[in-house]
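This report concerns only the one structure given below.
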Number of protein chains: 2
Amino acid sequence: MPGTVQSIERAAAILRMLAGGPGKLSLAEIARSLDLAKPTVHGILRTLQGVGFVEQDRVSGHYQLGAALLHLGTSYLDINELRSRSINWADPLAARSGEAVRIGTVLEGRVLVVHHVFRPDDTFQTLDIGTLMPLHATALGKVLLAYRSAALPPARDPFTHRTLTGERDLSAELTHVRDAGWAADIEEFTVGEAAIAAPIRGYGGLVVGAMGISGLVERICDSRYRPHARLVGIVRDAARAVSRDLGATR
Amino acid sequence: MPGTVQSIERAAAILRMLAGGPGKLSLAEIARSLDLAKPTVHGILRTLQGVGFVEQDRVSGHYQLGAALLHLGTSYLDINELRSRSINWADPLAARSGEAVRIGTVLEGRVLVVHHVFRPDDTFQTLDIGTLMPLHATALGKVLLAYRSAALPPARDPFTHRTLTGERDLSAELTHVRDAGWAADIEEFTVGEAAIAAPIRGYGGLVVGAMGISGLVERICDSRYRPHARLVGIVRDAARAVSRDLGATR
DNA sequence: GAACGGCATTCGACATTGTCGAACGCTGGG
DNA sequence: CCCAGCGTTCGACAATGTCGAATGCCGTTC
């Protein structure tokens with residue numbers, strides 16, 4: 001691409017590979033995957049190692065992500081306005097709904113979770129901040145898909161037997177999401193779990209994120225697999241409040 | 001530096017600047033600080049923007065860290081062995097001590113927090129994972145300083161009136177830390193708070209991190225400002241357990 | 001124990017790219 | 001209205017990044 005720095009793009013591609021796979025990769029694997037000469041990859045990795053973005057395992061010689069990225073990642077969280085505006089509404093939403101709350105935005109064709117409030121109980125939970133989730137199989141993702149102009153994601157893995165993978169099914173679903181103003185995923189991403197999400201708009205009305213709750217399907221839905229209207233209402237109210245904080249007027 | 005890719009080093013310097021300052025910087029400020037021509041910085045920023053590491057504010061034209069870094073940062077956490085081995089011991093340590101627990105390692109001349117367990121009560125707390133703390137003014141930092149071969153940090157800000165800033169005072173303190181096998185900071189970083197930390201060793205006995213507790217000084221120390229021996233003991237025990245998990249034999 | 005294949009790393013030639021001076025248009029402040 | 005400083009574009013050219021060839025190491029196989 002003209003006007004950009006090719007070696008920085010290559011370095012970013014290497015970091016994404018390291019983030020997406022088993023954690024550690026050999027120089028040769030990286031070179032093969034990116035179709036680059038080994039000395040080229042070696043120079044890039046040595047530079048990334050020097051700036052702390054990559055570490056090399058002393059025993060195997062393999063490479064992995066480095067500590068400096070953690071600081072950059074959390075610094076990003078500190079300045080992320082979607083997150084800072086959402087925080088005030090996320091705890092009350094978790095309290096009122098009794099479910100886990102997540103806020104997400106689009107990154108690399110998936111949902112990036114930028115804030116996560118645990119379900120207010122003492123079950124074991126893991127923090128999802130920073131994780132990527134599919135757009136087509138989650139409530140957050142369907143909201144983000146519904147309001148963006150890009151095409152449907154080409155890869156639509158069936159996470160459960162209820163995941164919508166067909167283009168027509170998904171398009172119809174997104175039309176419905178736009179009409180209703182919220183989305184649900186009912187055992188489409190995780191068997192036994194359901195979620196409800198609503199759009200967060202920024203200045204000018206553009207959808208900049210989504211806010212949602214998730215929990216066991218029998219808590220989120222009634223006996224006919226329909227999300228409880230009360231829960232839909234409080235999710236939408238909370239998302240609207242965040243939108244107002246962000247300067248949306250619609 | 002020969003053998004490394006200069007433009008990647010420059011890109012990393014830009015990202016560190018964005019992480020370290022007020023969050024948003026103008027292209028001109030970055031160019032001045034790094035003594036680079038504006039078109040040079042522009043090309044690097046455009047590339048970083050293309051890969052999601054940087055975003056540009058539509059209104060002011062200023063640049064800030066991008067969402068892709070969050071995913072890289074949390075991916076680093078997922079594979080960080082110091083953290084994965086510490087997790088099992090951190091919760092019990094918080095429970096037994098009744099205090100907040102942090103695990104840290106050295107990054108860019110400071111302490112990088114890689115794990116944090118909240119004090120087990122319902123006071124308001126913020127998650128410190130990814131934050132950087134001073135080496136000279138924290139218990140975690142003093143442990144890390146005591147067992148590394150590098151020189152003392154040149155910048156030794158006085159966070160409180162009790163912070164050790166003199167080279168002789170700090171050197172003497174680090175000798176004491178090595179002798180005792182643990183460190184404390186007693187209102188040296190935060191007025192009203194104290195902390196205790198012990199080294200975590202990796203394979204071969206090298207110190208790869210530190211584990212510590214922190215809380216109100218009147219809970220951590222007795223009336224003569226001495227850390228409670230019971231707390232010192234359980235911190236050291238927990239750190240030794242993590243060390244064993246990491247393959248240290250000492 | 002020897003041979004082999006594939007690894008990470010180094011070296012140096014050279015072609016490509018990244019750098020940067022000059023210029024431009026825009027915007028906010030005086 | 002004017003001006004200073006901004007972000008951005010363009011194109012020349014020097015510096016750098018790329019990569020083929022080679023090397024040494026290590027684990028595996030015979």
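Chain A is the first sequence line, chain B the second, and so forth, proteins listed ahead of strands; every chain is numbered from 1.
Between D/dG17, D/dG7, C/dA8, one nucleotide has an atom nearer to the side chain of B/His42 than all others, and that is D/dG7. Nearest nucleotide to the side chain of A/Pro39, out of D/dT9, D/dT18, D/dG20: D/dG20. Among the nucleotides D/dG7, C/dA8, D/dT18, the one closest to any side-chain atom of A/Tyr63 is C/dA8. Nearest to the side chain of A/Ala28, among C/dT9, C/dA8, D/dC6, sits C/dA8.
The two residues B/Val177 and B/Ala146 have their closest heavy-atom pair at CG1-CB, 3.7 Å. Between B/Val242 and B/Trp89 the shortest heavy-atom distance is CG2-CD1, 3.5 Å. The minimum heavy-atom distance between A/Ile79 and B/Gln64, with the atom names listed, is CD1-CB, 3.7 Å.
A straight line from CG of B/Leu45 to C1' of D/dC6 spans 14 Å, rounded to a whole angstrom. We find that CD of A/Gln6 is positioned 9 Å from C1' of C/dT16, with the value rounded to whole Å. Atom CD1 in A/Ile44 sits roughly 15 Å away from atom C1' in C/dA8 (whole-Å rounding). In this structure, A/Leu27 atom CG and C/dT9 atom C1' are separated by 9 Å, rounded to whole Å. Counting to the nearest Å, the C1' atom of D/dT16 and the CD1 atom of B/Ile8 are 12 Å from each other. Going from atom CG of A/Leu36 over to atom P of D/dG20 covers 11 Å, rounded to whole Å. For the pair B/Ile14 CD1 and C/dT19 C1', the computed distance is 13 Å after rounding to whole Å. Between the CG atom of B/Asp35 and the C1' atom of C/dT19 there is a distance of 13 Å, given to the nearest Å.
The shortest distance between the side-chain N/O atoms of B/Arg10 and the OP1/OP2 oxygens of C/dT19 is below 4.0 Å. Taking only side-chain nitrogens and oxygens, A/Arg32 comes nearer than 4.0 Å to OP1 or OP2 of C/dC7. Distances shown here put a side-chain N or O of B/Ser7 below 4.0 Å from the OP1 or OP2 atom of D/dG17.
Taking the centre and axis of the six-membered ring of A/Tyr76, the NZ or CZ atom of A/Arg83 falls outside the cone set by 45° and 6.0 Å.
In this structure the side chain of B/Ile8 never reaches within 4.5 angstrom of the side chain of A/Arg10, judged on heavy atoms.
Nearest-nucleotide mapping onto DNA chain C: of A/His62 and B/Thr40, the residue sitting toward the 5' end is A/His62.
At a threshold of 4.0 angstrom between heavy atoms, the contacts of B/Gln56 are confined to the sugar-phosphate backbone, with no base atom among them.
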